[in-house]
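Convention: sequence-line order gives letters A, B, ...; per-chain numbering from 1.
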Amino acid sequence: MVAIEAGNVVKAFGDFIALKSISLTIAKGEFVAITGKSGSGKSTLFYSLSGLDSIDSGTVMMLGYAIHSLPEDEVHRIRNTKMGFVFQFHYLISELTTLENILMPAKKIKMHKEKMQYALYLLDYFDIQHCKDKLPSQMSGGERQRVAVARALIMNPDIIFADEPTGNLDSINSEAVMRIFKEVNKQNGTTVILITHDDEYAHMAGRQIHLKDGQIEYDVYNKAVSKKSY
Amino acid sequence: MFELAIKYILSRKVQSLLMLIGVALGCGGYIIFTSVQLGFQTFMKERLIENNGHITIESREEDITRESMEGVFFKGSTVYWISGPSGRRSNEYLQSAWHWQKRLADIPFVVASTKRIEAQVTCARGAFYRSVTLRGVDPFYEPKVTNIAEDIVVGNMNMLNSGNNLVIVGVELLNFLGGKLNDTITVVNSNGNVYPVKVVGIYSSGDRRNDRTLILASNTTVQNILESPGRITKIVVKTVDADRASTFARELSQGTYDKVESWDEANINFLSMTQQQSFIRNITIFTFILVVSFGIYNVLNMLVHQKQREIAILRSIGYTRNDTVVLFLLQGAILSVVGGIIGILIGYGACSYIETIKMPGRPMRVAWDVFIYLWGFMLVVISALFASFLPAKTAGSLSPIEIIRRTE
Ligand SMILES: Nc1ncnc2c1ncn2[C@@H]1O[C@H](COP(=O)(O)OP(=O)(O)OP(=O)(O)O)[C@@H](O)[C@H]1O
Ligand SMILES: [Mg+2]
């Protein structure tokens with residue numbers, strides 16, 4: 001099954017072409033690391049594939065949806081139920097407690113009661129039970145980032161997009177977050193698309209797509225991580 | 001979104017409190033201001049109607065001109081004026097009173113009418129004397145048309161009919177004359193003839209001018225004193241609606257030369273004062289609410305700016321543009337509804353208190369009208385919604401990707 005299929009995606013900012021005709025296919029259940037130097041177009045690719053940003057030409061099919069040509073309501077519904085985002089900065093809502101933040105996506109479709117059990121499970125699983133009723137300002141960066149990941153997972157999405165989620169974390173916290181992605185990928189078969197600077201983390205992924213100047217320089221499967229897992 | 005809106009409000013306690021106070025004062029101020037003014041206006045209006053009914057019919061005073069003299073001289077004769085005629089022809093007495101009463105009885109908007117005869121006389125007791133208004137009324141019909149009977153604090157209007165030359169005297173006038181109930185005072189008419197009258201009642205309206213210069217008596221008594229039996233000077237009419245009195249008056253004046261005047265035409269000053277008061281009130285309230293609205297607009301605008309990242313994340317987890325618009329509109333709505341309710345309570349409390357304040361004579365009058373409260377409430381809610389509309393729209397139009405890119 002295909003999670004994302006991109007064909008000749010071009011994205012330009014004025015005269016500057018950030019993505020130069022990128023084509024790729026990501027199967028469901030893959031763990032893909034996107035790497036490349038700063039400015040190589042990683043974030044741009046992430047925004048374009050996930051439908052957060054528009055593209056100038058080409059096609060993106062996500063889970064069978066032509067995400068760039070759907071009506072806005074439909075896009076929001078898909079984001080809500082099928083996609084999870086984690087950004088470099090945690091982006092928690094500062095007035096809400098950890099539990100409320102995690103349940104925010106479920107609240108949109110009034111599923112927060114049903115999802116409560118799962119939210120508590122995630123708190124436990126991410127080792128942040130003690131933060132359940134804390135506000136973001138009362139937690140450490142690592143704890144906050146784990147909350148953000150938990151929020152991305154609450155709807156059991158098919159795809160998780162993460163843009164340098166460990167960028168602001170120390171190594172211990174980074175590893176904890178990476179381990180979570182890995183386990184979610186293994187246990188739930190969730191497709192994970194992870195942008196990272198860190199080669200070590202890239203090697204934890206089953207596949208590495210390396211960008212250079214808006215083009216794919218190489219796209220390799222990591223044998224050690226078992227390419228057959230999907 | 002409602003819960004989040006509440007949380008946003010609660011997380012900015014000082015700002016929210018200030019907005020709340022502003023809205024509450026706007027709403028409460030409107031209610032207090034309007035209630036007191038309308039109360040005062042109603043009081044004034046009642047006072048005017050109380051004394052002179054909705055419509056008065058009197059004989060017309062007429063300036064004498066060349067034209068008005070036409071037909072006075074022999075037919076066919078030519079008159080040359082060396083200097084034109086001047087002066088005023090005044091017919092003190094209403095000639096067609098009987099005719100009027102017959103006509104009024106058949107008009108549907110006329111509730112009741114009564115006859116009066118009124119004149120300036122001098123009244124005296126011992127060495128004290130004063131020029132006063134002697135007003136003859138019909139003790140049976142007068143209470144159906146005006147409220148002067150209610151101002152009689154000692155005795156009652158019917159007593160005027162229980163004999164000849166009985167009067168009810170304004171309280172201050174009686175004090176001035178040094179008289180008391182059942183005393184006899186004298187009234188001197190314009191011919192210099194002296195009539196003794198007996199004080200059978202005391203009148204106190206709270207209006208000093210009346211209380212100092214008014215003597216009530218029956219029409220018969222006054223006709224007797226003025227030596228003009230059967231005459232009257234005025235018919236006073238009560239209609240079905242005091243506010244439409246001027247329209248009714250115009251209708252009545254058709255086909256007659258008599259002067260038909262509604263209470264508001266007779267008191268044109270009162271009307272312009274009322275309008276001026278309302279104008280000042282509206283300007284004041286409008287300015288205040290504008291300031292409050294601007295405050296709300298500012299606070300929400302800043303909030304939208306501060307919360308950009310959170311708006312972006314809401315969008316990325318599936319909340320729509322509309323959701324973010326609603327999030328900010330709701331804050332304005334919640335603050336204004338709560339503020340409005342507090343304002344209503346403030347207004348109600350203040351009005352209840354104001355009503356107990358004693359002005360010289362009577363307690364302050366306050367209008368109790370549900371619509372004043374409704375309007376005050378709507379006014380602040382609508383303006384707050386208006387003020388939050390632009391910031392909310394801004395929030396809705398933010399592009400999540402722009403925000404994320406900016407901060408990433
Ligand atoms: N809104 C924009 N307007 C103009 N140019 C842009 C815009 N966004 C990105 N770019 C350019 O596109 C290129 C790719 O940017 P992108 O953010 O995708 O890089 P990146 O690989 O994510 O880098 P980093 O590792 O630093 O996050 C960069 O050269 C950047 O300057
Ligand atoms: Mg980037």
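Residue with the most contacts toward chain B among G84(A), G51(A), S94(A): S94(A) (heavy-atom pairs, distance under 4.5 Å). The most heavy-atom pairs under 4.5 Å with chain A, out of L4(B), N322(B), L10(B), I317(B), come from I317(B). Chosen from E72(A), R77(A), M155(A), the residue pairing most often with chain B at heavy-atom distances under 4.5 Å is E72(A).
In this structure, chain A has a heavy atom under 4.5 Å from the side chain of D323(B), while its backbone stays farther away. With a threshold of 4.5 angstrom between heavy atoms, T44(A) does not approach chain B through any atom at all. For a residue to count as touching a neighbouring chain, one of its non-hydrogen atoms must lie under 4.5 Å from one of that chain's; by this rule L314(B) touches chain A with the side chain only.
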Walk me through it: do R365(B) and E355(B) pass the test salt bridge (Lys or Arg N to Asp or Glu O under 4.0 Å)? CA-CA 6 Å; R365(B) 271 285 289 272; E355(B) 215 178 27; over 6 Å; no
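Looking at E164(A), its side chain never comes within 3.5 Å of a backbone N or O of H197(A) through a donor-acceptor pair.
Using a cutoff of 4.0 Å between basic side-chain nitrogens and carboxylate oxygens, D264(B) and K45(B) are not scored as salt-bridged.
Considering K7(B), K307(B), R12(B) as possible partners of E95(A), the one that fulfils the salt bridge (Lys or Arg N to Asp or Glu O under 4.0 Å) test is K307(B).
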Just list the side-chain donor-acceptor pairs under 3.5 Å for residues 373-388 of chain B, sequence neighbours left out, or say none.
| from | atom 1 | to | atom 2 | distance (Å) |
| --- | --- | --- | --- | --- |
| S383(B) | OG | L379(B) | O | 2.3 |
| S388(B) | OG | A384(B) | O | 2.5 |
| S388(B) | OG | L385(B) | O | 3.4 |

